[in-house]
There are 2 protein chains.
Amino acid sequence: MSKFKPTIEDVGRAAGVSRATASRVINNAPGVAAPLRARVEAAIASLGYRPDEHARALASGRTRAVDVVAISCPDAGWLGNHPYFGRVLAGMVPVLDGVNTQLRLHAIGRGQAADAIDEIAANATLGAVLADVPPDLAARFHRRCRRVVSMVPTSSVVPGMAADNIGGAYAAIEELHRLGCRRIAAVHGPILNPCATERRTGHRRAIERFGLAELSADEDFNRHGGYRATQRLLERHPDIDGIFVACDLMAAGAIQAITASGRRVPDDVSVIGFDDSIVASCTNPPLTTMGLPVEEMAAAATRLLLDGVPPSGLRMRFPVKLVRRDSTRRVAGTAPAEPPNGLMNC
Amino acid sequence: MSKFKPTIEDVGRAAGVSRATASRVINNAPGVAAPLRARVEAAIASLGYRPDEHARALASGRTRAVDVVAISCPDAGWLGNHPYFGRVLAGMVPVLDGVNTQLRLHAIGRGQAADAIDEIAANATLGAVLADVPPDLAARFHRRCRRVVSMVPTSSVVPGMAADNIGGAYAAIEELHRLGCRRIAAVHGPILNPCATERRTGHRRAIERFGLAELSADEDFNRHGGYRATQRLLERHPDIDGIFVACDLMAAGAIQAITASGRRVPDDVSVIGFDDSIVASCTNPPLTTMGLPVEEMAAAATRLLLDGVPPSGLRMRFPVKLVRRDSTRRVAGTAPAEPPNGLMNC
DNA sequence: ATGAAAGCGCTAACAT
DNA sequence: ATGTTAGCGCTTTCAT
């Protein structure tokens, strides 16, 4: 493997054409005769030519980069600790691999969020994946730059990845009901959060369908919130026998609160979470949860950006599917989950 | 805020000097008279000049980038799911912020690891942070490129961030002993893993010091491994009353296994983990653990790379400190952990 | 110590 | 359809 790095000039020479023609082929621009194009492509292959991204960026004025933006809570280690972001990155990296595109990570604090959004939008090239950006800021970004896709349903004009949150929440309640639970409570996320809203809707539909009482509480999407909400719920309605919790982190807190109240999971209270993140297999008992294909969604979002400007209002739908572990009662005749009841790989 | 982006030419003109001089000031190269330097600096400030990284890279032949490399298990969603990597990134991002340096993320599979390492080393610019790279590959990287720092102690020539794994493990056993445990077992990580080795050493020293029997098992650093090891240990030594587990993920499995055996945590068996990652607060009961300052370590590693070539064999030491939650018995007179016994922010 | 000038590898007008 | 040429913004000799 030689040290020499071929330039477009070399390619042109090898193919017996000018630099410009080589450039056209590389960027598959129109206006190159088929035979020439073939020769250039052969030259590229045989030389192992790879365009220099810096020269390209300098000459054309545009860079190839995808931005990932997340609002970080300054007080917490959010970005770092929250299982969600790692999954988003994990989904993006493989699709960016080999397409000469840099991945820029932005963690912006709540305070200067609007300015940061403007700045990122102004410098965007291929576009941005919004990992956890509230609707108003997402819309703001979209107003300044169309090359953007949100990982969650948000302002209706902003292209977004739409997991079936409604169906997932409905299915969770349905499962609890099938398991025999009749006093089913729900721990929801923040009022303003779009995902939380959808999951709330699914829950509401299900309780209407099954004729259940509405027992619910709202809190922030974190373990502590889940703990508090569950504690409150249990005090107010001691006969609760099943809880749907709108995210795994909260569900971890819910299980702790149930245990602290002297009840057992799932014997006294069944719990279903949402996400299927790493924490789902680390709770005790391991958490039954509605699995979200976060990595796939992130990959799809990235591909969208790579392919051009995503059409405004686009929604890509993703299914949410039940992952049974041990925080829900087992119905007679059902095989127990594979011991030790979690992902084998974690 | 105008749309105009000043170039080095503008700076030169504003300062009444040539482009070359401006360039020298920008790169603080020697050979510029103090007064001129001051004028150029003033011009830069007033114009809000920011050098174009692409032009710079093209002209100089070098880019400003820091690589992060992690070995990913292909079968698992490792990079995405493992709480560790998110923390590493979270530590790096803030120090890279505003220094015009790109962060390249590499997740390489076990198979083509050596090739990938060579490739990354060949293209490294500011250098690489090795997040989870085994000693032989770390050494290989270092042989090809000195601009590298490992997040864990590894081959002795490779600069590394060294958490006090030995002291941490020792302190964990010490705590268990203080709490009254006398049949203390240890669940260790893989034989070849440097961190696991150090934690094993700390454990060994402590049991010698306290005159305890050596009850231990080795498994992979994941929940499943922790589960299996604990299960085995409990079968062989039913009188175990405390377990030190070499990482939080394993500890989550350990708690599950203890519960599954009909014992209670911490009443029958106390558990101490290692890392203080997100999962530590999500187990049930919340996990007492030895906290590792991963974000700080990653930040330090990044700064090292930014500052030049880290000296071979460098070790930066970081303390590991006990975080008390509820998986360890409470001694009489000790205040209970803050309810709900976890990080308030997660 | 400072400036002039030649590229870095590529794209994009403009010619042909 | 293809080639020629002029930069993109910067670093870096080489003169002065």
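The analysis underlying the following values was restricted to heavy atoms, covering all of them including side chains, and did not include hydrogens, waters or symmetry mates. Numbered from 1 within each chain, the chains take letters A, B, ... in sequence-line order.
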Requested in this report: Taking the side chain as every heavy atom from C-beta outward, state whether Met316(B) and Leu304(B) have any atom pair closer than 4.5 Å.
Outcome: yes

Between [N] atom [atom2] and [X] atom [atom1], what is the distance in whole Å?
X: Arg39(A); N: dA1(D); atom1: CZ; atom2: C1'; result: 13 Å
X: Asp10(B); N: dG9(D); atom1: CG; atom2: P; result: 9 Å
X: Glu53(B); N: dT11(D); atom1: CD; atom2: P; result: 9 Å
X: His54(A); N: dG7(C); atom1: NE2; atom2: C1'; result: 17 Å
X: Arg13(A); N: dG3(D); atom1: CZ; atom2: C1'; result: 15 Å
X: Arg64(A); N: dC10(C); atom1: CZ; atom2: P; result: 15 Å
X: Glu9(B); N: dA4(C); atom1: CD; atom2: C1'; result: 12 Å
X: Leu36(B); N: dA1(C); atom1: CG; atom2: P; result: 11 Å

Report task. Side chain of Thr7(B) only, please: which of dC10(D), dT2(C), dC8(D) is the nearest? Result ->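 Of the options given, the side chain of Thr7(B) lies nearest dC10(D).
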
Query - Among dG3(D), dT2(C), dC10(C), the one nearest Val17(A) by side-chain distance - result: dG3(D)

Query raised in the report: Looking only at side-chain N and O atoms, does Ser18(B) come under 4.0 Å of OP1 or OP2 in dG3(C)?
Result: yes

Query raised in the report: Between Ser18(B) (side chain) and Thr21(B) (backbone), is there a donor-acceptor pair under 3.5 Å?
Result: yes

Query - Footprint string (nucleotides 11-16 of chain C, 5' to 3'): B base within contact, S backbone only, - free, heavy atoms under 4.0 Å - result: BBB---

